[in-house]
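Report on one structure; see the data block that follows.
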Amino acid sequence: MQDDSRMLRIAYVTPYDEQYHSVNIHTARRVAEWNRLGASVEQFVIGDGGRSRRGAISNAIVDFRDRSRLTSAVENFGPSVIYVRWLSPVPGLLMKLNSIAPVVLDIHANDIRETARESKMRQTYMKMYRNAELRVPNGATFVVNELAEAPEYDILAGRRAVFGNGSWVERRASIPDGKPKVGIAVGAPNAWTALDRYATLAQVLQDAAIWVAVCPPDLVHEVQSQVGGTVKVVAAASEQEYYAELASWTVGMASLGLERKGLRTATPLKVRDYVGIGLPTILPFWDEGVSPLADPLVLQLAGEGELPASNIDPNLIRQFIRAAHGKNLSPATCDHISGVSIESRRLKFLNEIAYL
């Protein structure tokens with residue numbers, strides 16, 4: 001895909017260390033695909049690790065202190081482009097990185113809306129440093145168009161592109177029979193997962209077994225406390241166990257409270273797992289990668305531009321479960337969100353930024 005005389009060297013700078021299981025699995029596959037396509041990639045973690053165990057302000061202090069070590073490590077790698085997963089501003093970091101190579105941000109959330117749910121101190125910090133940092137990058141990629149068009153990111157200069165999350169899962173070969181099994185997969189019981197709504201729905205779906213798969217398994221007891229005794233919670237200790245659990249389901253349910261995150265649309269990793277494995281899927285929100293596909297085994301409860309559905313008709317769900325029982329999504333649906341295809345296009349965009 002690339003001119004060998006201009007081999008792309010990507011410094012992938014991320015705030016997420018190995019404690020962020022789902023993010024790291026996806027990142028590792030992305031990096032492997034870039035390498036397969038001829039790029040040379042190295043990952044660099046902002047801060048000294050342990051982000052998940054600290055509060056936001058403590059992380060901000062650690063990140064600020066770590067700037068020199070991080071930029072020296074990136075410079076020693078000699079990148080042609082620096083791809084930075086955006087989470088929170090680190091004063092002066094993007095300027096330092098931009099002195100080494102062009103910087104592109106990887107944006108997965110509306111940071112202003114996220115911060116609005118947090119402390120006043122955190123909000124003040126964002127107001128003080130965010131705009132100065134966002135004026136620096138040479139470009140940005142977004143996971144959905146809704147983010148790319150959000151006024152909170154008007155300050156960004158440079159080129160923009162939208163790349164939804166991709167699937168790296170093989171379509172299941174066999175389809176389970178027996179009593180229908182409906183499941184939702186979670187990494188953590190965040191508010192937008194809406195396990196409270198899921199538990200309420202489970203109480204009236206008498207004809208199906210209702211499950212939650214938790215991977216990694218650390219939060220299984222917290223999840224169980226949120227869904228009560230009507231829902232069976234299973235902890236997947238490994239990726240293999242997790243995919244085996246999903247493959248045993250009849251229907252996969254996406255998050256039921258996306259509006260709690262301040263979004264209408266999303267391309268969540270869990271839904272990529274459902275679709276990649278061939279699992280008929282219920283989407284309470286608009287998913288740019290999956291919703292437009294004409295597959296009758298994707299139940300779309302909100303149209304493009306509409307708010308996510310929060311009041312779901314149980315009869316509609318029952319009908320869909322019956323229609324989906326013993327079936328797989330079409331191969332074309334599974335292939336449409338292939339990570340291989342998406343990362344090829346992302347790499348081309350990064351290559352164009354690197355050699356403007």
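The shown structure was predicted, so the numbers you read here are calculated from the model rather than taken from an experiment.
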Closest contact, heavy atoms only, [X] versus [Y]:
X: E245; Y: A213; answer: CG-CB, 4.0 Å
X: A194; Y: G257; answer: CB-N, 3.4 Å
X: F285; Y: P268; answer: CZ-CG, 3.8 Å
X: P284; Y: S255; answer: CG-O, 3.5 Å
X: I184; Y: A254; answer: CD1-O, 3.9 Å
X: L347; Y: I10; answer: CD1-CD1, 3.5 Å

Taking the side chain as every heavy atom from C-beta outward, state whether [X] and [Y] have any atom pair closer than 4.5 Å.
X: D287; Y: R272; answer: yes
X: P79; Y: Y12; answer: no
X: V290; Y: T281; answer: no
X: N190; Y: T193; answer: yes
X: R318; Y: V204; answer: yes
X: L134; Y: W86; answer: yes
X: Y355; Y: V81; answer: no

Just by distance, do the side chain of [X] and the backbone of [Y] share a donor-acceptor pair under 3.5 Å?
X: Q224; Y: V231; result: yes
X: R85; Y: Y16; result: no
X: R172; Y: S248; result: no
X: S344; Y: V340; result: no
X: H325; Y: G178; result: yes
X: Y274; Y: L246; result: no
X: N165; Y: T267; result: yes
X: E288; Y: N145; result: yes
X: S80; Y: R9; result: yes
X: T71; Y: R67; result: yes

Axial cation check for F64 ring with K96, 6.0 Å and 45° limits:
no
Establish, yes or no, whether the cationic atom of R159 lies under 6.0 Å from the six-membered ring centre of F349 and within 45° of the ring axis.
no
[X] and [Y]: same hydrophobic cluster, using ILVMFWY side-chain contacts below 4.5 Å?
X: I353; Y: V74; result: no
X: V162; Y: I155; result: yes
X: L147; Y: I112; result: no
X: Y242; Y: V212; result: yes
X: I210; Y: L256; result: yes

For a side-chain contact (heavy atoms from CB on, under 4.5 Å) check, start with the C-alpha distance between L316 and L299, then their side-chain angles and the critical distance, and finish with the verdict.
CA-CA 9 Å; L316 182 62; L299 178 59; 4.3 Å; yes
More than 12 heavy atoms of other groups within 6.0 Å of [X] [atom1]:
X: E352; atom1: CD; result: yes
X: N315; atom1: CG; result: yes
X: D177; atom1: CG; result: no
X: Y129; atom1: OH; result: no
X: R69; atom1: CZ; result: yes

Passes side-chain contact (heavy atoms from CB on, under 4.5 Å), I321 versus D207? Steps please.
CA-CA 9 Å; I321 293 169; D207 299 332; over 6 Å; no
Are side-chain N/O atoms of [X] and [Y] paired as donor and acceptor at under 3.5 Å?
X: T141; Y: D106; result: yes
X: R160; Y: Y153; result: no
X: T230; Y: Q203; result: no

Pick one: which of R130, K127, K261 meets salt bridge (Lys or Arg N to Asp or Glu O under 4.0 Å) with D111?
R130
For I46 and L93, what are the C-alpha separation, side-chain angles and deciding distance, and is it a side-chain contact (heavy atoms from CB on, under 4.5 Å)?
CA-CA 10 Å; I46 302 173; L93 176 61; 4.2 Å; yes
Please test S88 against N59 for side-chain contact (heavy atoms from CB on, under 4.5 Å), starting from the C-alpha separation and ending with a verdict.
CA-CA 10 Å; S88 183; N59 275 320; over 6 Å; no
If you measure from the Lys or Arg side-chain nitrogens to the Asp or Glu carboxylate oxygens, is any gap between D196 and R260 under 4.0 Å?
yes
Between the side chains of E33 and R36, is the shortest nitrogen-to-carboxylate-oxygen separation below 4.0 Å, so that they form an ion pair?
yes
Can you label the angle between the W34 ring and the Y83 ring as parallel, tilted or perpendicular, going by 30° and 60°?
tilted
